[in-house]
Asker: 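I have a structure here, written as structure tokens, and I will follow up with some questions on it.
These numbers come from the heavy atoms of this one structure, side chains and all, not from hydrogens, waters or symmetry mates. All figures in this text were calculated on a predicted structure; none of them were measured in a lab. Counting starts at 1 for both ligands and their atoms, in listed order.
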Amino acid sequence: MAQWLAKIRKGYGRKLRHLHSWNAWIVLILAISGLILISGYWRERLGEGRVWIKWIHIYAGLLLIAPVAYYLLLAGKHWKQLRSRPKQKANVIVILLLLAGWILSGVILWQLKLFGPSWTNPALRIHDLLTWIGLPYIIYHSVTRIKWLKEEPERRAIKNDTPAKLGLEDERPLYSRRVFLKWSLAGILAVVFGPPLLKWIGKDLWKTDTIEDLIANDANRMVPPPKPSPQSLPPVGGGAKGEFRVYTVTEIPAFDNATWSLTIDGLVEKKIHWNWEQFLQQQRTVQVSDFHCVTGWSVYQNTWEGIQLKQLLKMAGVKDEAKFVKFYSGDEVYTDCLSLQQANYDDMMVAVLHDGQPIPSDLGGPVRLITPKMYAYKSVKWLNRIELIAEEHIGYWEQRGYDKDAWVSTKGATET
Ligand code: HEM
Ligand SMILES: Nc1nc2c(c(=O)[nH]1)N[C@H]1C(S)=C(S)[C@@H](COP(=O)(O)O)O[C@H]1N2
Ligand SMILES: [Mo]
């Protein structure tokens, strides 16, 4: 054991430098891929590429374990070396905590089916917080260590700096180039990473849209608005807990009475084609359920009001040849599919109200599918057509690498 450790520590200085640069490259890849994963801009444009980026991110994340573990083997020696340098010691601790936090929360997000939503939600919060704190810290740390930033040109020219001379560094005028560049960098980082950090803390610098704002400014023009049933308003669920992230792979579409309708066709006895008024005349039910996205976030205790999917299928009369149900979005791009058995679960719903309010267009209104026991990539927004089919259809995200098995794991969940 001691021999083995001695071997690892041989050529220690060089190894530490290699370790440092490997680590830096991996973190760079993680930072870029992570920011792409969170960005709506790239969600809309990448398609299949998003799932590739996700795998690059996960593999780079797992790779990051190696330099961290290796460093820990060298840490004893390094620590002694840093004896009289408290600033560097603090830096090492901060970096190690960041990396460990990213790795632990990242592994939970990666293995979300093993852990379930009650783990992935806090893990995602931590992953995000570390990103908004850690990235600016690491960028500042790397840039201010670049040689040309460290020393003034005229000082670099002085070869044999005496300690006394070096001591003068602190008395450098405030307007020196180095101080200027450091403050510029700090300013840029604060502008870039400040807003998401404040948002994380829950103190938006400029108010972003609340659900109330979304409803008030809804781009949909459906008249009359759907009238909530007494169970829906006030919501029997007590009001949803959590925040939806607006996800879309197209521009967000908007509808009015002339452009919206719901069709149920394919292998059915009686094709259905309803305009808005006809749709609103149908019997609706209310359910309280959780909503889980496969990237790790959830919204709990949603009160949804709408038409049970199984009720719709019954009305249309499913033919024997029909084995699957395909869902179309009014964005003309997004689709998904359920087996007939899945489609007949009680909580599969064509929803029109959320917590007693019309579903705003950002969140898939006027009408969206709800699939509470499955990840929300099944829950097609701007739903306008349901087709009964014989062969399975592979949905938008499933075609691009998401798991065909979308069941949400309840392992580790607080649900009873
Ligand atoms: C420098 C370190 C890292 C940074 C800056 C970083 C950044 C990010 C960001 C910004 C996201 C998007 C989160 C969101 O949607 O709110 C993300 C997601 C994710 N990260 Fe990391 N991450 C890092 C390390 C890791 C590690 C070590 C792993 C472990 C394998 C990992 C696994 C994941 C997974 C599985 C997701 C969810 C992907 C998805 O489905 O969208 N990350 N990361
Ligand atoms: N038409 C359409 N429906 C969609 C999506 C989409 O991009 N387009 N994204 C899906 C995914 S992955 C999730 S998590 C939920 C997000 O719903 P929200 O935007 O209302 O939060 O919608 C699902 N339905
Ligand atoms: Mo999702």
Asker: Side chain, backbone, both or neither: which part of F291 has a heavy atom under 4.0 Å from ligand 2?
Answerer: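 Near ligand 2, F291 shows its side chain, while the N, CA, C and O stay back.
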
Asker: Can a donor-acceptor pair be found, under 3.5 Å and without considering hydrogens, that links the side chain of S39 to the backbone of W42?
Answerer: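 Yes, the answer is positive, given that a donor and an acceptor are paired below the 3.5 Å cut-off.
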
Asker: Judged by atom type as modelled, is there a donor-acceptor pair below 3.5 Å linking the side chain of T259 to the main-chain atoms of D256?
Answerer: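 Yes; at least one donor-acceptor contact below 3.5 Å.
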
Asker: When rounded to the nearest 0.5 angstrom, what distance separates CD1 in I126 from CH2 in W102?
Answerer: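 That separation rounds to 13.5 Å.
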
Asker: Indicate the ring-plane relationship of Y345 and W407, choosing parallel, tilted or perpendicular according to the 30° and 60° boundaries.
Answerer: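 Ring orientation of Y345 relative to W407: perpendicular.
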
Asker: Is NZ or CZ of R45 both nearer than 6.0 Å to the six-membered ring centre of Y41 and within 45° of the ring axis?
Answerer: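 Checked: cation-pi criterion met.
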
Asker: Checking W110 against F115 for the ring-ring contact (aromatic ring centres under 6.0 Å, His included) test, could you report, in this order, the C-alpha distance in whole Å, the side-chain angles of both residues, the deciding distance, and whether it holds?
Answerer: CA-CA 9 Å; W110 168 44; F115 289 95; 9.7 Å; no

Asker: After noting the C-alpha distance and the side-chain angles of Y71 and H78, does the key distance pass the ring-ring contact (aromatic ring centres under 6.0 Å, His included) rule?
Answerer: CA-CA 9 Å; Y71 174 77; H78 190 215; 5.5 Å; yes

Asker: Write out the residue and atom name of the closest protein heavy atom to atom 10 (C) of ligand 2, then the distance separating them to 0.1 Å.
Answerer: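 Going by distance alone, atom 10 (C) of ligand 2 is nearest to Y334 OH, 3.5 Å.
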
Asker: Nearest to atom 20 (O) of ligand 2, what protein heavy atom do you find, and at what distance?
Answerer: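 Minimum-distance protein heavy atom for atom 20 (O) of ligand 2 reads R368 NH1, 2.7 Å.
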
Asker: What I want to know is whether W397 and ligand 2 share at least one N or O pair that is separated by under 3.5 angstrom.
Answerer: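 W397 vs ligand 2: no N/O contact under 3.5 Å.
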
Asker: How does W297 reach ligand 2, by side chain, by backbone, by both or by neither, if only non-hydrogen atoms under 4.0 Å count?
Answerer: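 For W297, only side-chain atoms sit under 4.0 Å from ligand 2.
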
Asker: So which heavy atom in the protein is nearest atom 24 (N) of ligand 2, and how far is it from that ligand atom?
Answerer: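 For atom 24 (N) of ligand 2, the nearest protein heavy atom comes out as S379 O, 3.0 Å.
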
Asker: Counting heavy atoms only, name the option from F327, Y402, Y377, F244 that's nearest to atom 12 (S) of ligand 2.
Answerer: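 The option holding the nearest heavy atom is Y377.
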
Asker: Between E332 and R385, does any NZ, NE, NH1 or NH2 come within less than 4.0 Å of an OD or OE carboxylate oxygen?
Answerer: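 Salt bridge absent between R385 and E332.
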
Asker: Between L363 and ligand 2, which part of the residue brings a heavy atom under 4.0 Å of the ligand: side chain, backbone, both or neither?
Answerer: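 Within the 4.0 Å criterion, L363 contacts ligand 2 through backbone and side-chain atoms alike.
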
Asker: Between S329 and ligand 2, find which residue part has any heavy-atom pair under 4.0 Å and reply side chain, backbone, both or neither.
Answerer: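 Near ligand 2, S329 shows its side chain, while the N, CA, C and O stay back.
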
Asker: Identify, for atom 19 (O) of ligand 2, the protein heavy atom at the shortest distance, and state residue, atom and that distance.
Answerer: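 Result: K381 NZ, 2.4 Å.
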
Asker: Numbering the atoms of ligand 2 from 1, which are under 4.0 Å from a heavy atom of V246?
Answerer: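 The atoms of ligand 2 under 4.0 Å from a heavy atom of V246 are 19 (O).
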
Asker: Under the 6.0 Å and 45° cation-pi test, does K54 pair with Y402?
Answerer: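 Verdict for Y402: a cation-pi partner in K54.
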
Asker: How far is atom 1 (N) of ligand 2 from its nearest protein heavy atom, and which residue and atom is that?
Answerer: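 Nearest protein contact, heavy atoms only, for atom 1 (N) of ligand 2 is D331 OD2, 3.0 Å.
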
Asker: Is there a donor-acceptor contact under 3.5 Å from the side chain of S232 to the main chain of P235?
Answerer: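 Here the side-chain-to-backbone pair does not exist.
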
Asker: Which of the numbered atoms in ligand 2 are below 4.0 angstrom from a heavy atom of W382?
Answerer: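 Here the atoms of ligand 2 in question are 1 (N), 2 (C), 8 (N).
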
Asker: Given that the side chain starts at C-beta and the backbone is N, CA, C, O, which of these parts of Y396 lies under 4.0 Å from ligand 2, counting heavy atoms, or is it both or neither?
Answerer: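 Within the 4.0 Å criterion, Y396 makes no contact with ligand 2.
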
Asker: Starting from atom 21 (O) of ligand 2, find the nearest protein heavy-atom neighbour and note its residue, name and distance.
Answerer: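 Checked against all protein heavy atoms, atom 21 (O) of ligand 2 sits closest to R245 O, 2.6 Å.
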
Asker: Just need the protein heavy atom nearest to atom 13 (C) of ligand 2, so name the residue and atom and give the distance.
Answerer: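 Among all protein heavy atoms, the one nearest atom 13 (C) of ligand 2 is A376 O, 3.6 Å.
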
Asker: Using a 3.5 Å cut-off on N/O to N/O, what pairs does ligand 1 make with the protein? A line per pair would be great.
Answerer:
residue	atom	partner	partner atom	Å
ligand 1	15 (O)	R245	NH1	3.0
ligand 1	16 (O)	D128	OD1	2.9
ligand 1	16 (O)	D128	OD2	2.9
ligand 1	16 (O)	R245	NH1	3.0
ligand 1	16 (O)	R245	NH2	3.1
ligand 1	20 (N)	H57	NE2	2.8
ligand 1	20 (N)	H127	NE2	2.9
ligand 1	22 (N)	H57	NE2	2.9
ligand 1	22 (N)	H127	NE2	2.8
ligand 1	40 (O)	K54	NZ	2.9
ligand 1	41 (O)	R50	NH2	3.1
ligand 1	42 (N)	H57	NE2	2.8
ligand 1	42 (N)	H127	NE2	2.9
ligand 1	43 (N)	H57	NE2	2.8
ligand 1	43 (N)	H127	NE2	2.8

Asker: Can you tell me how far apart CD1 (I65) and CD1 (I103) are? Round to the nearest 0.5 Å.
Answerer: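 It comes to 5.0 Å.
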
Asker: Determine yes or no for a side-chain-to-main-chain donor-acceptor pair under 3.5 angstrom, with W200 supplying the side chain and R125 the backbone.
Answerer: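 Yes.
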
Asker: Taking R368 for the side chain and L363 for the main chain, is one N or O donor matched with an acceptor at less than 3.5 Å?
Answerer: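 Yes: the side chain of R368 pairs with the backbone of L363.
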
Asker: Under 4.0 Å from any heavy atom of C293, which atoms of ligand 2 are there?
Answerer: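 Numbered from 1, ligand 2 contributes 14 (S).
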
Asker: Using modelled atom types and a 3.5 Å cut-off, is there a donor and acceptor pairing between side-chain atoms of N23 and backbone atoms of L19?
Answerer: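 No: the side chain of N23 does not pair with the backbone of L19.
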
